[in-house]
Amino acid sequence: MILVTIVISTHNRPALLRRAVDSALDQPLGGTAGGSIEVVVVDDGSEPPVELAPNERLRLIRQSSGGVAAARNTGLSAARGSFVTYLDDDDVLTKGALRRALEAQASSTLKAPVAVLAALDEMTIDGTFLKRRLPPTLAAGTPFPLVELADGRSHGVKQTLVVPTAVLRDIGGWDSTFRSRVTTELFMRLGEVCSFEGIDECGYQLTVHDGVRISGDPQVRQQSWKRLVSTHSERMSEHSKGAAALALGHARMSWLQNERRAALVAVMQAMRWSTRRTVRGTVRAIGDVARRRDVS
């Protein structure tokens with residue numbers, strides 16, 4: 001019986017991909033219901049095509065380049081596990097991450113269905129620890145990216161998601177019209193129907209490196225932000241404080257990418273969403289953005 005499907009979408013990162021695949025195949029489930037894992041690698045139009053050593057727990061699916069959301073949907077369609085998780089091709093899972101996630105899911109007292117989020121460590125390519133992000137524990141009913149979290153808890157753990165496969169399929173999977181913000185968009189919908197059990201042990205190591213990332217493309221980021229606001233305008237209006245915080249985060253990144261006009265537009269959006277209680281915080285954040293004027 002396959003308990004967990006690990007989906008790895010990849011595009012032109014052969015060296016880093018092998019590291020990711022090794023960490024996925026090296027996931028012991030121990031006595032967890034006697035189940036096993038499978039790894040589904042979706043080659044999203046790599047040139048040359050991906051080649052991997054044969055393994056009975058590994059499947060390789062090739063497709064024309066359609067973007068990360070489309071590749072993840074391909075993996076979701078192929079998944080045979082009761083649960084599914086996603087691993088970026090430049091990151092790694094920590095040993096025992098899936099066993100801990102399944103144990104936390106089984107013992108959770110939250111309203112079903114329950115997904116699991118773990119701590120995420122930022123690491124350099126040579127393995128130097130940079131910082132840890134801690135997950136929240138949340139009941140279903142609110143768009144995750146718009147929830148105000150307790151101090152020390154982070155929205156930036158979405159990569160660690162281990163979720164019942166049927167739940168992800170029921171909400172329509174990933175929105176392939178997005179090229180960036182794909183995980184934020186998914187969690188907008190997922191948080192309304194699914195609870196999140198957070199565990200503070202690290203399950204995922206995000207690699208900080210200088211390679212090409214979709215999120216580093218200013219044009220793609222701006223287009224995806226506009227689409228996110230358009231698609232989820234009603235949710236953002238209902239959760240205005242969280243929407244303002246999200247907009248300010250986009251403003252900071254836009255400023256750092258020298259997209260000054262877009263940064264100011266996002267600040268204005270944050271001001272529109274801010275309530276009286278958060279106006280002071282918004283003004284402080286505007287000052288923070290402005291102080292970055294010398295950063296290209």
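Residues R235 and R189 have side chains in contact (heavy-atom distance under 4.5 Å, counting atoms from C-beta outward). Two residues are said to be in side-chain contact when any heavy atoms from C-beta on lie closer than 4.5 Å; P143 and H239 meet this criterion. Between N258 and P218 the shortest side-chain heavy-atom distance does not fall below 4.5 Å. Side-chain contact between Q159 and T183: absent, with no pair of heavy atoms (C-beta onward) separated by less than 4.5 Å. Contact annotation: the side chain of L246 never approaches that of H155 to less than 4.5 Å [non-hydrogen atoms, C-beta and beyond]. Between L228 and M236, some side-chain heavy-atom pair lies under the 4.5 Å cut-off. Side-chain atoms of E259 and Q219, non-hydrogen and from C-beta on, never get closer than 4.5 Å to each other. The closest side-chain heavy-atom distance from Q223 to K226 is not below 4.5 Å.
Between F196 and F187, the two ring planes are parallel [angle under 30°; tilted spans 30° to 60°].
Each of D90, D88, D89, V21 was scored for a side chain to side chain contact (heavy atoms under 4.5 Å, CB included) with T10, with one residue passing: D89. Tested against L161 for a side chain to side chain contact (heavy atoms under 4.5 Å, CB included), the candidates V116, V84, L190 yield a single pass: L190. Just one of K131, Q205, R132 meets the side chain to side chain donor-acceptor pair (under 3.5 Å) condition when paired with D121; it is R132.
Between the R80 side chain and the L3 main chain, no donor and acceptor come within less than 3.5 Å of each other. A donor-acceptor pair under 3.5 Å links the side-chain atoms of T160 to the main chain of V157, judged by distance alone. Under a 3.5 Å cut-off, the side chain of T207 and the backbone N or O of T124 do not form any donor-acceptor pair. Side-chain atoms of S240 come within 3.5 Å of backbone atoms of W273 as a donor-acceptor pair (strictly under, hydrogens ignored). Put simply, the side chain of R133 never gets that close to the backbone of E122: no donor and acceptor are under 3.5 Å apart. A donor-acceptor pair is defined here as one N or O able to donate and one able to accept, closer than 3.5 Å; no such pair exists between the side chain of R57 and the backbone of E38. A donor-acceptor contact shorter than 3.5 Å links the side chain of R18 to the backbone of P14. Of the possible polar contacts, one joining the T5 side chain to the G81 backbone as a donor-acceptor pair under 3.5 Å is found. At least one donor-acceptor pair under 3.5 Å links the side chain of S23 to the backbone N or O of A20. The closest donor-acceptor contact from the side chain of Q27 to the backbone of A97 lies under 3.5 Å.
For the atom pair S36 OG and I2 CD1, the distance stands at 5.0 Å (nearest 0.5 Å). The distance from atom NE2 of H11 to atom CG of D43, rounded to the nearest 0.5 Å, is 9.0 Å. Here the OG1-CE distance, from T142 to M188, works out to 12.0 Å after rounding to the nearest 0.5 Å.
Following chains of ILVMFWY side-chain contacts shorter than 4.5 Å, one can reach V163 starting from V147, so the two form part of one hydrophobic cluster. Note: the hydrophobic cluster containing L76 also contains L98 (ILVMFWY, side chain heavy atoms under 4.5 Å, direct or indirect links). By the rule that hydrophobic residues join a cluster once side-chain heavy atoms approach within less than 4.5 Å of another member, V92 and V42 end up as members of separate clusters. Note: the hydrophobic cluster containing L58 also contains Y86 (ILVMFWY, side chain heavy atoms under 4.5 Å, direct or indirect links).
Contacts of Y204 classified as ring pair (Phe, Tyr, Trp, His ring centres under 6.0 Å), with partners at least two apart in sequence or in another chain: none.
Within 6.0 Å of CD in E148 there are 12 or fewer heavy atoms belonging to other residues, nucleotides or ligands. Other residues, nucleotides and ligands place more than 12 heavy atoms under 6.0 Å from the CD atom of E192.
Checked by atom type, the side-chain pair D44/Q63 shows a donor-acceptor distance below 3.5 Å. Counting only N and O atoms by type, the side chains of T177 and R227 include a donor and acceptor under 3.5 Å apart.
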Could you go step by step and tell me if M253 and W225 meet the side chain to side chain contact (heavy atoms under 4.5 Å, CB included) rule?
-> CA-CA 11 Å; M253 180 58 73; W225 170 253; over 6 Å; no
Could you go step by step and tell me if F144 and T184 meet the side chain to side chain contact (heavy atoms under 4.5 Å, CB included) rule?
-> CA-CA 8 Å; F144 176 91; T184 298; over 6 Å; no
Walk me through it: do F178 and T231 pass the test side chain to side chain contact (heavy atoms under 4.5 Å, CB included)?
-> CA-CA 11 Å; F178 282 79; T231 301; 4.0 Å; yes
Decide yes or no on side chain to side chain contact (heavy atoms under 4.5 Å, CB included) for V182 and R72, but give the supporting numbers first.
-> CA-CA 10 Å; V182 294; R72 288 174 179 174; 3.7 Å; yes
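By the 4.0 Å N-to-carboxylate-O rule, R181 lies too far from D175 to be salt-bridged with it.
For E201 against A118, the heavy-atom pair with the smallest separation is O-CB, 3.6 Å.
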